[in-house]
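Just so we're on the same page: letters track the sequence lines, and every chain starts at 1.
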Amino acid sequence: MLKIEGLRKSYDGNEILKGISVDVSKGDVISIIGPSGSGKTTLLRNMTTLEQADGGHIQFADVDKDFQKLSSKDIQTIRRNVGFVFQNYNLFNNKTALQNITEGLIVARKVNKSEAKKIALEALERVGLSDRQNHYPSQLSGGQQQRVGIARAVALNPKVIFFDEPTSALDPELVGEVLKVMRDLAESGTTMVVVTHQMNFARNVSNKVIFMADGHIVEQGSPESIFEHPSEKRTQEFLTDILANV
Amino acid sequence: MLKIEGLRKSYDGNEILKGISVDVSKGDVISIIGPSGSGKTTLLRNMTTLEQADGGHIQFADVDKDFQKLSSKDIQTIRRNVGFVFQNYNLFNNKTALQNITEGLIVARKVNKSEAKKIALEALERVGLSDRQNHYPSQLSGGQQQRVGIARAVALNPKVIFFDEPTSALDPELVGEVLKVMRDLAESGTTMVVVTHQMNFARNVSNKVIFMADGHIVEQGSPESIFEHPSEKRTQEFLTDILANV
Amino acid sequence: GNHGSNKAQSSGKASSNKPTVIKVAYATTNFPITYQNSKKQGDGYDVAVMREVDKLLPQYKFDYVGTSDDDVLIGVKSDKYQVGVKNVFYTADRAKTYLYPKNYLGVSDSGFVVRTKDKDKFGGLAKLANNKGKLVPIAPQNGQYAVIADYNKTHNPKIDLGSADTFVVSDALKWVNEGRYDAFFAIRPMYEANVEKKNGANADLKGKLTYVTLGGIKTYPLFNKDQKALAAAYDKAIKKVIDSGKAAQLSEKYFGQDNFKLLNKPFK
Amino acid sequence: MSLNTDFMVKVAHTAIQGVPVTLQIVLVALLISLPVGCLFALIRIYRIKGLEQIVKLYVSFVRGTPIIAQILIVYSAFPSLLNMIIGKAAFSINPIYYAYIVFTLNSIATLTEVFRSALQTVDKGQLEAGLMVGMRPRQIFWRIILPQALISALPNITNATLYLMKNSSLAFIMSVKDITAIAKTEAAFNYNFLEAYLVVWVYYLIICYSAEVIFYLLERYFSKYRRSTKKTTYFNWQPFSIKQPNVSAEAELTESGRGDHAQNRRIKKKL
Amino acid sequence: MENIKLIINFLGQLLPAINITLIVSVSSIVLGSLLGLGLAAAKQSESAILRVFASIYVSVIRATPSIIMIFVVYYGMPLFFSAWFHINIEGWNRMYFVIIALTLLFSAPVSEIMRSAYGSVSKGQTEAGLMVGMTPFQTFYRIVLPQAFVVALPNFANSVINLMKEGALTFTIGVVDMVAKAQMIVANNSGGYAWQTYCALALIYWVISLAIDKGVTLVEKSYQAKRKTIAA
Ligand SMILES: Nc1ncnc2c1ncn2[C@@H]1O[C@H](COP(=O)(O)OP(=O)(O)OP(=O)(O)O)[C@@H](O)[C@H]1O
Ligand SMILES: Nc1ncnc2c1ncn2[C@@H]1O[C@H](COP(=O)(O)OP(=O)(O)OP(=O)(O)O)[C@@H](O)[C@H]1O
Ligand SMILES: [Mg+2]
Ligand SMILES: [Mg+2]
């Protein structure tokens with residue numbers, strides 16, 4: 001459904017992504033793991049056209065082109081078909097929880113207002129925040145903000161939702177509530193690509209795990225194969241490190 | 001060495017801290033744990049005079065006074081003797097990683113420039129960021145930013161360092177490194193007060209754990225007593241909750 | 001309590017051997033009546049006459065302060081300056097605010113600049129009024145504004161009197177030439193400097209425009225209300241300056257003609 | 001020196017006719033220059049090729065030249081030029097239109113800079129979030145970025161407006177009779193300029209203060225999302241006092257969208 | 001050609017007056033900024049009296065046309081001084097009055113510029129500074145101010161350029177800066193050559209304004225790496 005090939009990206013001459021290929025099928029829940037600075041965030045931002053890649057090919061929705069040749073219409077098509085949940089929430093500061101969700105529906109999808117409100121309320125309900133609909137982001141806890149962020153992406157009913165470390169800015173106590181929401185989404189068949197350090201999520205919820213390091217995909221496969229029989233030394237090291245600290 | 005008694009703080013009539021007493025001896029590594037909203041951050045901010053407490057007494061450095069009677073000289077004395085690692089980094093946006101560290105040394109401690117730079121480089125080395133010394137915060141990942149924040153506090157070599165959830169924004173992989181730095185600090189005799197959700201740190205590194213809830217200290221004692229034989233029901237509940245999510 | 005004024009007055013009467021210093025304010029943008037010359041000194045007809053007056057008054061010493069029109073007026077009113085000169089005409093209203101001396105200080109050759117071909121149509125107050133000519137708006141603080149306003153009080157039809165802040169003379173001349181307006185209220189030296197002189201700013205309009213003298217208007221220095229003694233002394237001195245022909249001489253020098261002669265002719 | 005109060009009353013009566021004129025000039029100039037200034041600011045921020053240089057030149061030229069010089073061009077030279085094209089009709093244009101032009105051109109330059117600085121206080125994350133819900137940049141700009149930028153723009157827009165209000169008296173050079181012009185004309189008969197100016201001052205105080213209040217209310221409206229549901233006490237001006245009671249959490253929470261990374265501080269439980 | 005010669009000639013006559021323009025502007029900018037800073041501080045302070053005072057001051061001054069301000073200072077201040085301090089300042093150089101009037105005029109908008117810029121810097125920045133042991137003033141000066149400064153800069157430049165053009169005020173009490181000089185040149189030419197004179201004046205101001213813009217751009221460029229705005 002979504003296919004990326006040979007994605008490259010450099011900043012100031014430093015190559016951060018050195019040719020990444022990812023294949024997402026409908027219903028996939030893919031976890032991307034890897035050390036800090038390995039390029040996970042950069043990968044997500046380039047796949048979703050938030051940044052312009054230096055090279056590579058994308059096949060998604062009606063688009064089948066090199067990244068560098070994407071027209072603004074293509075970009076709009078891609079963006080209309082993805083959802084993005086940011087590490088630092090990035091809720092619209094000047095909109096209430098409800099408005100944060102209706103905004104995209106009304107403005108980008110041309111859904112009429114009452115319909116948009118209905119969808120938004122459902123989405124809020126799903127993340128357990130119906131009672132917070134009129135709060136501004138500054139009046140919500142981090143966990144609540146992130147759940148609104150998820151509801152915002154979900155409400156648009158995109159083909160794929162991308163998550164960039166959705167729980168890393170949260171207190172462990174609040175992590176549970178967000179993970180539960182994500183697990184529910186996965187179970188209801190939503191296609192998801194999740195950058196995470198939450199190993200139990202990667203292992204138990206996703207059907208595919210990608211391990212990245214230094215701008216390469218070092219290894220990918222089913223959670224079992226990655227967690228139980230990692231074939232690469234780099235993967236083993238990473239897993240040892242990370243599991244020691246939980 | 002640092003003694004707080006009966007610390008109280010209200011916001012707009014809501015009492016957040018309801019008379020907290022903390023006793024920190026030289027070399028102590030104290031972990032403060034507790035649910036979100038229990039007042040942990042508020043406690044740290046009031047102990048360090050970032051906010052003015054409504055009542056209570058402090059005994060630290062040369063100061064032995066009620067909070068409300070602190071002169072500006074007292075406040076300066078207290079601040080010169082504490083370090084603070086913020087939950088949200090709070091790096092100086094207009095300074096490079098290196099400058100973030102030298103700033104306090106040169107301006108507040110009157111260390112000469114080359115000496116300050118030496119200390120700062122050492123501190124950066126310790127958190128594994130020597131190669132990022134000339135980056136601005138906006139050019140660093142969240143994990144990198146927080147490590148600079150820790151280096152900044154450490155470099156000042158204060159009597160006590162306060163950490164407000166120092167690893168909550170770090171990737172698990174790096175948590176180990178940072179915890180190692182903190183462990184080293186503990187071993188070299190640095191006194192530390194750490195608000196954390198990192199239970200293995202609380203259990204393995206600290207010599208005293210304080211459990212807070214609703215503005216009270218519910219229970220305090222050695223890590224063993226708190227984690228293995230919590231005497232209060234509230235503590236037990238909290239520990240069950242949090243360990244389920246890791 | 002204003003120290004300056006009290007001192008000026010009391011010592012003026014005592015007339016000890018030390019002369020009383022009098023501040024004479026002059027507007028610096030009224031060439032050639034009051035202006036600042038290249039040596040940064042006060043100059044112009046009004047200033048020169050005041051210097052003559054000063055010579056005749058040993059008990060006073062005039063000190064000249066160059067400043068803006070507004071400041072001359074407000075300064076004299078508040079006694080910061082005791083006298084002000086800026087080509088001031090007399091009106092009854094103003095005499096309530098300032099002390100006008102009995103004797104005038106000079107005569108201003110005032111007239112209309114009109115297109116030469118329309119000279120007979122607009123070259124006079126009545127002509128302009130009757131032919132519904134358009135007059136370039138006049139700055140209200142300018143004495144000319146009052147002249148037209150006074151004319152309108154007693155005559156019909158009236159002249160369409162518009163006001164605007166001081167505008168640029170050479171532009172006003174152009175406007176008359178191109179027909180935007182029909183007449184421009186000016187003084188002769190201004191017209192001559194711009195149009196008649198060989199390298200004047202509007203020398204290209206020479207022949208196309210004509211200056212029509214309306215008549216001579218008496219100009220006065222303004223005194224602060226409290227300066228009665230000074231005004232009286234001035235009155236005596238100015239009479240001598242005019243009678244001796246010195247003033248006429250200065251008029252020749254600054255205006256290129258003896259404006260006093262205009263007083264014998266009717267105002268058109 | 002005593003003030004002629006009868007005269008002041010009289011001036012107050014006549015000068016009031018100038019109020020609508022002053023307001024018209026200010027309103028027209030603002031209504032045009034606010035959107036245009038904003039557009040110009042965006043051109044500069046995004047470095048639109050070609051246009052950026054033009055905007056830069058325009059701003060420096062208009063800001064750099066005295067208004068009187070601009071009036072000279074617009075009011076004196078322009079109609080003469082027009083005269084050659086459309087004939088005498090050029091001279092019957094109401095001079096207030098020239099005033100609109102001069103002051104609009106001026107405000108555009110000022111407001112370009114105001115918006116340029118204000119727009120840059122908004123975090124990039126806001127833009128990205130908008131893109132990711134499928135909004136177009138233009139939609140994000142109107143609905144998300146501009147409202148947030150206005151908080152820091154409004155105090156400066158107020159400055160610009162008051163400056164414009166006061167400068168509009170220069171329109172008298174173009175024979176437009178605003179408050180100041182009428183007062184000056186009155187004063188010309190008896191030379192009571194001081195009194196006239198004092199009356200003018202009172203009018204400006206009233207008008208400017210009303211404008212300030214309006215802008216202040218707007219500022220409050222746009223920053224409503226920054227306020228918690230609780231009322232907060234003023235935080236202390238930090239540089240000059242050592243104690244900082246109530247560095248309020250709200251104040252900090254407002255920054256949550258600004259930092260590059262999440263800020264974990266938040267208000268929990270019912271506010 | 002004739003015109004260009006004239007303009008150059010007028011440039012020569014105007015330029016000597018740039019001294020006065022610069023002295024007056026620079027002094028009022030420096031003094032006005034300090035006063036503006038104080039006002040911005042007062043507006044944020046705990047003391048209700050200070051806050052109210054600062055608000056009223058800013059409202060009144062911003063509503064005061066420059067010609068009124070200069071008269072208030074030039075005529076009011078000597079009365080005030082002699083009544084309260086029994087000092088006679090009538091004899092002061094008139095330039096001092098101009099500087100005082102401009103300082104007052106400049107301080108009010110600048111205080112608002114500073115207030116809004118200060119508000120755009122995160123409070124966490126101050127706290128971090130305090131916690132590395134800097135005094136509040138050092139924190140303000142070294143951390144908050146530089147960040148607020150970039151935000152304030154374009155607006156500050158607006159105000160500075162406006163101030164430099166306040167020649168009408170200067171001239172009102174007879175201090176001859178460039179604008180005044182231009183008016184006098186026109187007057188002494190019997191109102192002729194105004195276009196050329198103002199053209200020369202505009203050229204000088206344009207150069208100054210270009211220089212200011214250049215400075216602003218340079219400072220902003222040096223900051224580009226340090227902030228992530230919608231532009232980046
Ligand atoms: N705009 C940028 N300019 C320069 N370098 C950048 C930029 N963005 C990211 N980088 C660098 O690219 C590398 C990869 O960054 P990225 O944020 O993708 O890592 P990550 O895997 O998401 O790390 P983390 O787990 O810490 O979020 C880092 O070394 C970072 O310093
Ligand atoms: N400035 C403030 N004004 C009003 N209420 C505040 C303020 N600061 C904190 N609070 C409230 O005080 C309570 C304690 O907050 P605090 O940040 O100390 O909790 P915490 O234990 O650090 O929580 P977390 O683990 O989520 O960081 C919360 O209910 C919060 O809403
Ligand atoms: Mg990342
Ligand atoms: Mg906390």
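Counting heavy-atom pairs closer than 4.5 Å to chain D, the top residue among Val82(A), Thr48(A), Asn81(A) is Thr48(A). Of the listed residues Gln76(A), Arg80(A), Arg152(A), the one with more heavy-atom pairs under 4.5 angstrom with chain D than any other is Gln76(A). Among Leu156(A), Thr49(A), Leu50(A), the residue making the largest number of heavy-atom pairs under 4.5 Å with chain D is Leu50(A).
Applying the ring pair (Phe, Tyr, Trp, His ring centres under 6.0 Å) test to residues at least two apart or on different chains, the pairs with a partner in residues 97-121 of chain D are Tyr75(D)-Tyr98(D), Tyr97(D)-Tyr100(D).
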**Request:** Would you check, one step at a time, whether the test side-chain hydrogen bond (donor to acceptor under 3.5 Å, both in side chains) holds for Glu125(A) with Ser130(A)?
**Result:** CA-CA 5 Å; Glu125(A) 181 74 52; Ser130(A) 332; 3.1 Å; yes
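Looking only at side-chain heavy atoms (C-beta outward), Val148(A) and Gln144(A) stay at 4.5 Å or farther from each other.
A salt bridge does not link Lys180(A) with Glu177(A): none of the charged nitrogens is closer than 4.0 Å to a carboxylate oxygen.
Scanning residues 102-113 of chain A against chain D with a 4.5 Å non-hydrogen threshold yields Glu103(A), Gly104(A), Val107(A), Ala108(A), Lys110(A), sorted by number.
Interface remark: Phe92(A) contributes backbone and side-chain atoms alike to the contact with chain D (heavy atom separation under 4.5 Å).
Here the closest heavy-atom approach between residue Leu91(A) and residue Gln145(A) is recorded as CD1-O, 3.6 Å. Nearest heavy-atom pair, Ser152(D) versus Pro155(D), reported as atom, atom and distance to 0.1 Å: O-CD, 3.6 Å.
Between Asp74(A) and Thr77(A), the side chains place no donor N or O within less than 3.5 Å of an acceptor N or O (distance only, hydrogens not considered).
Using cut-offs of 30° and 60° for the angle between ring planes, the Phe84(A) and Phe162(A) rings count as parallel.
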